[in-house]
Amino acid sequence: MRIEQSPEFQIHLQTLRSKEELFLETIYNVGNGHLGVRDSNPLQGNNHDYIGSPGLFINGFFDYEEVAYGEKYRGYPDNNQVINRLFDPRFIRIKVGHEDSMTDHFKVENIDKNLDMQTGLLHELFSVTTPENRNFNLVVESFASLSKLNVYGVRYSIIPTNFSDEVEVIKVHDYVNQTVHQQDEDVRVSTDLGQMQLDFIPDNGQPSYLVTTFRSQQGAIITYEASENFAPNPPIEYFRDDNHHYGYRSKYYAKPGSAKDFEFLFAIGDIHPLVNANMYSDQYLSSLNNYINDTSFKSELMASAQVWQTFWLHSDVEIDGDPALQLCVRFNLFELNQSAGRDELTSIPAKGLTGNGYGGHFFWDTEIFMLPFFAYTQPDVARELLMFRYHTLQIAKEQASDFGFGKGAMYPWRTINGYESSAYWLAGQAQFHINADIAFAVEQYYEITDDDDFIRNYGFEIILETARFWMEYGNYADIDGKHQFVLNRVTGPDEYSALVDNNYYTNVLAQHNLRLAVKYVRKFKGDDGILSRLHVTDEEIAAMRDAADAMYLPYDKAKNVKLQFQNFEQLPKMDLAAIDQSMFPLLLHYHPLMLYRHQVNKQADTVMVDFMFPEGNTVDQLKADYEFYEPITTHDSSLSKAIYAIIAARIGKDQQAYNFFSQAVQTDLMDVYHNTKNGIHAGSLGAAWEGIMYGFAGIVNNASSFSLEPHLPSTWNCLKFKVHLYGDEFKFTIYQDSVAVELMNGEGADITVYKQQKNLTPENPRETWKY
Ligand code: BGC
């Protein structure tokens, strides 16, 4: 198979605005949801004076770090979880005559880097000069396989330009705690723990290691093999040095202009509990070897490229009329696909697998900002992501019980293994909305896919246990002359407010969560014991229905505005215009309480409700909310702008919609927040996809009848994408004044555009709407 490189899928170094080393390390990462490798200078990846932040991350492979509290109260997590940064598999040592890249300072210049998103291949050209001015070109090609998630491949080609001499190439990874430059004091960046241990697994003809953690008691096996198909001879040989380090080396006589290639396939194991890792290491190793023995860099690259092709076939979003944003959109989709865990035991870290920012934790980012992309384009992956929540449901129930709640589940705000990892509970654990976010996502996934097995065996239980939590947490109170259900002292999505009463977002989501429980109890009534297994009673469900109906939603009638929380309007406004730009993001410069006592938003909060529950809102209502919240929102969270773009599109503020969208979509490729060096903003990339779909394509109703009200930016000629709905696939082409839909496969369904419903079937697979 040969794939022609299409220019619209390439990220060339020349096209990037910033050439800053750490930024490039993030942008040129390669990953596949199981593993992620930051880009790096391959000759200096392990030197102590190297200013880069390279490394390998395995999704879910973490260690604990004890949290040091001034005052530790009951229920505070003892430990923080931090994803491990492992050695840089790109690292290579090259000796030219008596000069050695390990000990002498080889100057390494980036000549070109190109990420081919069509195939997932990163191609780089470095010009390397030794202290004695011997120069060679070093070509490095690498990929993380999408067809075998345990596989990572790297190939080096050395081409001397001005010398003939003996060259020795050594590939040894005898360390595990990658040394990195710790960059700044940003609270969102995590410190490496550096507590892993590396044990060599006795000689099996290739370097193999068991990497283990001390506190979390996890183990993973890593091994790699040099492919035999490089030329010319002599071949690379497996060796063990005096320090008992295993690796490969090759010595040959190099001549100007003649290239020599070295190829390595790594197999990066799954994570096991330490006891199993120790006990079954031989067994695990031999399964890993199956992935990399008797194959080659090229065959694995081709197999992986084929999966990428399939990905683009179903998931691409084509924008005709905006080439600059088109590239950003593709980069975002590429990164989302590289970040999603697919083993039901992991989810999507907030920074993907491109850094240890936010500790490698999973947040609501997955369910609310990224899951829709997967549900519509790769429903299997969406299901796997939700199954992570199912598998950690017992832990969430334990947490609720530890907190003192009699029933229900309390999902962690941020986590890797299902346990809470937020030491700052005000903006962490108190974000109870995570429970309802997960339930919302379960329902959304089910509506889009009709996956009955999932809802029956897993999804319903998540919905029920999270609904039970609200019944435990909330209470009735008399407000405005009515007996209303209230949720006091909670933190909503906006992290510039904490511990508020009746956060509009939380209350609406909790109401939805309760109603979902009632709906599914009705659905499963009389059905093979599901309800009795989960001990559901009629009284419990009646109480949920009543609480949902009586949910208090703070509202300013005079202004027609949904209030972020009760008494929100009593807080003074912060004069954002008077604050110097250098003070943003405010979270890095103000004490949290200064922010909490003001009307100032870090991110979309109430406006999220307008986005997630579009039906029943008048344009006037949306406008009132938008105009009230937009001026007090700093968008210090990268999750915010895309959501504002959606509402702006819905209320006809076209220019603002486009501006917000273009900033959201450029978040990482254009380094909008100046911190892409610490890793991508995965949630924001997903939010940008939502900006297109829910803003410009204008999805109103995800499910029972998929409906759209498009609002294309005036400069776009057309927008094309495919979605999976109820097991079928549809292709949408949206023009300024019409929409064409084609049923690609499946039984067909009703599609509604601007309230006009049409039925697509295999006999009638194409329809057009004009407006
Ligand atoms: C945002 C949260 C988000 C987290 C991880 C924070 O800055 O306020 O809403 O979940 O980042 O992306």
Side-chain angles (χ1 to χ4, degrees), residues 26 80-83 186-190 332 335-336 339-340 347-371 385 389 411-416 420-438 440-441 490-500 503 505-506 509 564 584-590 592 595-596 600-609 611-612 629 633-644 664 667-668 672-676 678-688 690:
T26 297
N80 189 13
Q81 303 151 32
V82 182
I83 192 167
D186 190 326
V187 289
R188 297 163 294 184
V189 179
S190 295
N332 295 355
E335 289 298 330
L336 283 173
S339 305
S347 180
I348 312 182
K351 298 267 167 200
L353 292 163
T354 66
N356 67 356
Y358 284 124
H361 299 161
F362 317 129
F363 294 73
W364 72 316
D365 303 31
T366 300
E367 282 77 15
I368 298 300
F369 298 93
M370 298 186 265
L371 198 104
L385 292 168
R389 296 298 189 179
Y411 275 105
W413 171 241
R414 50 193 295 174
T415 188
I416 295 178
E420 182 59 75
S421 191
S422 94
Y424 185 57
W425 64 275
L426 283 170
Q429 255 166 339
Q431 292 203 46
F432 299 114
H433 65 86
I434 181 77
N435 263 352
D437 300 334
I438 294 169
F440 179 92
V490 304
T491 299
D494 168 41
E495 294 187 350
Y496 286 172
S497 318
L499 234 54
V500 301
N503 167 252
Y505 176 92
T506 307
L509 268 284
Q564 185 168 329
F584 291 87
L586 300 180
L587 67 105
L588 296 185
H589 303 279
Y590 285 80
L595 303 171
Y596 298 165
V600 58
N601 279 6
K602 179 182 182 187
Q603 62 203 102
D605 187 303
T606 316
V607 168
M608 287 293 300
V609 177
F611 151 54
M612 290 160 70
Y629 290 106
T633 303
T634 59
H635 306 288
D636 283 348
S637 159
S638 67
L639 297 175
S640 191
K641 285 183 180 156
I643 306 306
Y644 271 90
T667 295
D668 283 322
V672 171
Y673 289 86
H674 308 294
N675 62 1
T676 292
N678 300 330
I680 57 159
H681 299 73
S684 173
L685 308 185
E690 293 179 330

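One-based numbering, in listed order, for ligands and for the atoms of each.
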Report the part of Lys602 (side chain from C-beta onward, or backbone N, CA, C, O) that has a heavy atom under 4.0 Å from ligand 1; answer both or neither where that applies. side chain
At under 4.0 Å between heavy atoms, which part of Phe362 makes contact with ligand 1: side chain, backbone, both or neither? neither
Here's a test for you: under side-chain contact (heavy atoms from CB on, under 4.5 Å), which of Val609, Asp605, Ile368, Ile643 qualifies with Pro493? Asp605
Looking only at side chains, do Ser640 and His635 share a donor and an acceptor under 3.5 Å apart? yes
A side-chain contact here means heavy atoms from C-beta on lying under 4.5 Å apart; do Tyr496 and Leu587 qualify? yes
Relative to ligand 1, is Leu639 under 4.0 angstrom through side chain, backbone, both or neither, heavy atoms considered? side chain
Mind checking whether Trp413 and Trp364 have parallel, tilted or perpendicular rings, split at 30° and 60°? tilted
Trp364 heavy atoms within 4.0 Å reach ligand 1 at atoms 2 (C), 3 (C), 9 (O), 10 (O)
Short side-chain donor-acceptor distance under 3.5 Å, Ser684 and Thr667: yes
Compute the shortest N/O to N/O distance between Glu495 and ligand 1 and return yes if it is under 3.5 Å, no if not. yes
